[in-house]
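This report refers to the structure that appears directly beneath it.
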Amino acid sequence: MTHTPSPTSTAPTTTPGAGSPGPATGTAPSAAPAPPAPAGATTPARTPLAAPGTVLVLGGTGKTGRRVAARLRDRGVDVRIGSRSATPAFAWESPSTWDAALSGVDAVYVCFVPDLAVPGAADVVRAFVARAEAAGVRRLVLLSGRGEDGAEECERLVLASRIPATVVRAAWFDQNFSEYYLVDGVLAGEVVLPAGDVLEPFVDADDIADVAVAALTEDGHAGELYEVTGPRLLTFGQAVAEIGAATGRAIAYVEVPVADYAAAMTEAGASDDEVWLLTYLFTTVLDGRNSTVTDGVRRALGRPPRDFAEFARDAAAAGAWDAVAVG
């Protein structure tokens with residue numbers, strides 16, 4: 001899932017009658033592991049492009065975009081950030097900004113905001129791809145989300161364009177717990193969500209960035225759809241338990257009805273569009289349809305994906321959850 005609305009401090013820390021705490025600290029309950037790689041499975045040898053050219057990174061200050069930009073710069077690639085504050089500026093809702101951002105660009109990392117699932121996203125992406133074709137862009141990498149009908153429509157139109165393209169279809173980000181809207185709950189010692197016991201193969205944003213950069217700088221990725229997940233299935237409660245174990249603190253998972261969570265968002269000032277998106281994600285995308293692990297990271301990179309426990313240990317060691325608890 002590429003984006004979720006940011007209900008910072010909008011979810012109730014307690015909701016009477018809405019659920020019970022999930023696992024706290026200690027060892028997380030057993031979770032389904034990824035199947036082993038097929039016997040004899042190999043990743044095709046790929047050659048770095050001699051001249052990747054200039055890469056436009058849309059959403060270049062976000063969770064995946066800033067990682068993509070940093071990795072490209074480390075490889076000596078010229079990077080142009082696509083954001084409202086950049087020069088030239090870029091905004092999805094202002095097509096008049098697109099041409100200047102695309103001028104002289106060889107490749108684009110496409111991260112659509114707020115989410116490819118929102119109504120009308122396909123029309124915007126279609127129009128952007130047409131501008132990219134006209135600008136002479138030679139490679140596109142689209143960040144997509146698992147289980148979203150609107151996202152899959154965008155995938156099809158990007159892969160059908162005249163530009164060699166790659167799709168990175170991602171599961172729920174690990175970093176939603178450390179860099180985005182769930183961090184406040186972790187700091188408060190209580191993560192409140194309407195996610196139930198659905199199993200999710202949380203994926204690390206570093207893996208997403210590695211796959212995207214490979215597609216932007218190597219041959220052999222055009223036309224590929226890499227569905228990227230972590231190596232294990234976890235419930236949200238189990239994920240919270242692993243963070244508790246990594247931090248040495250008691251952190252509860254509290255399940256609430258989606259209607260109560262949406263009402264809390266509205267009360268806190270979230271827009272109708274944000275509330276709609278959250279309701280869609282929690283009632284449709286998190287219905288079990290994504291409760292499988294995939295081999296996308298291994299196919300793209302020739303290595304296994306990063307485990308959630310490793311993410312939690314590293315984030316804790318880096319101080320991601322060291323701030324004074326809120327609430």
Side-chain angles (χ1 to χ4, degrees), residues 1 4-34 63 146 170-207 229-258 260-261 264-265 278 281-283 285-288 290-291 293 305-327:
M1 163 175 323
T4 45
S6 179
T8 303
S9 302
T10 62
T13 55
T14 57
T15 302
S20 57
T25 56
T27 303
S30 59
K63 285 193 298 299
R146 296 185 86 203
W172 201 288
F173 299 169
D174 294 353
Q175 281 75 10
N176 284 336
F177 290 95
S178 61
E179 300 176 17
Y180 201 32
Y181 69 103
L182 297 179
V183 68
D184 285 346
V186 174
L187 293 173
E190 189 173 78
V191 175
V192 180
L193 282 175
D197 292 327
V198 67
L199 291 166
E200 175 68 20
F202 298 95
V203 67
D204 198 291
D206 287 317
D207 283 343
T229 72
R232 288 187 294 150
L233 292 171
L234 295 166
T235 66
F236 279 77
Q238 289 170 342
V240 169
E242 296 215 0
I243 293 171
T247 60
R249 293 192 292 112
I251 305 170
Y253 168 71
V254 179
E255 180 184 350
V256 295
V258 68
D260 290 359
Y261 196 72
M265 285 191 67
L278 178 140
L281 293 175
F282 279 109
T283 58
V285 177
L286 285 176
D287 64 355
N290 295 329
S291 295
V293 295
R306 195 171 184 230
D307 190 78
F308 188 89
E310 182 182 357
F311 150 75
R313 289 193 300 269
D314 288 352
W321 301 298
D322 284 354
V324 177
V326 296

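Nothing fancy with the numbering, it's 1 onward along the sequence. Note that this is a predicted model, so its numbers are computed, not measured. The analysis underlying the following values was restricted to heavy atoms, covering all of them including side chains, and did not include hydrogens, waters or symmetry mates.
The OH atom of Tyr180 sits 9.5 Å away from the CZ atom of Phe173 when rounded to the nearest 0.5 Å.
For Ser291 (side chain) and Leu199 (main-chain N/O), a donor-acceptor pair under 3.5 Å exists by modelled atom type. With Gln175 contributing its side chain and Lys63 its backbone, the two residues share no donor-acceptor pair below 3.5 Å. No donor-acceptor pair closer than 3.5 Å links the side chain of Asp204 to the backbone N or O of Arg306. Side chain of Tyr253 to main chain of Gly196: a donor-acceptor pair is present (N/O by atom type, distance under 3.5 Å, no hydrogens or angles).
In this structure the side chain of Val191 reaches within 4.5 angstrom of the side chain of Val186, judged on heavy atoms.
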- Would Ile243 and Phe177 satisfy side-chain contact (heavy atoms from CB on, under 4.5 Å), going step by step from the backbone distance to the final call? CA-CA 9 Å; Ile243 293 171; Phe177 290 95; 3.6 Å; yes
- Item | Steps toward side-chain contact (heavy atoms from CB on, under 4.5 Å) verdict (Phe311, Phe202) | CA-CA 10 Å; Phe311 150 75; Phe202 298 95; over 6 Å; no
- Task: Check the pair Gln238, Arg232 against side-chain contact (heavy atoms from CB on, under 4.5 Å), reporting the backbone distance first and the verdict last.
- Result: CA-CA 11 Å; Gln238 289 170 342; Arg232 288 187 294 150; over 6 Å; no
- Message: The test is side-chain contact (heavy atoms from CB on, under 4.5 Å); show your working for Trp172 and Asn290 and say whether it passes.
- Response: CA-CA 10 Å; Trp172 201 288; Asn290 295 329; over 6 Å; no
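Screening Leu187, Asn176, Val192 for a side-chain contact (heavy atoms from CB on, under 4.5 Å) with Leu182, the sole residue that qualifies is Asn176.
Residues that satisfy the salt bridge (charged side-chain N to carboxylate O under 4.0 Å, His left out) test with Asp174, not counting sequence neighbours, are absent from this structure. For the side-chain hydrogen bond (donor to acceptor under 3.5 Å, both in side chains) test, no residue two or more places apart in sequence or in another chain qualifies with Asp197. Legend: residues meeting salt bridge (charged side-chain N to carboxylate O under 4.0 Å, His left out) with Asp287, ordered by chain and number and at least two apart, are Arg289.
Closest heavy-atom contact between Val293 and Pro201: CG1-CB, 3.9 Å. Here the closest heavy-atom approach between residue Ala316 and residue Trp321 is recorded as N-CZ3, 3.6 Å. For the pair Leu286 and Ala195, the tightest heavy-atom approach, listed with the atom from each and the gap, is CD1-CB, 4.5 Å. Scanning all heavy atoms of the two residues, the minimum distance from Pro231 to Asp307 falls at CG-OD1, 3.4 Å.
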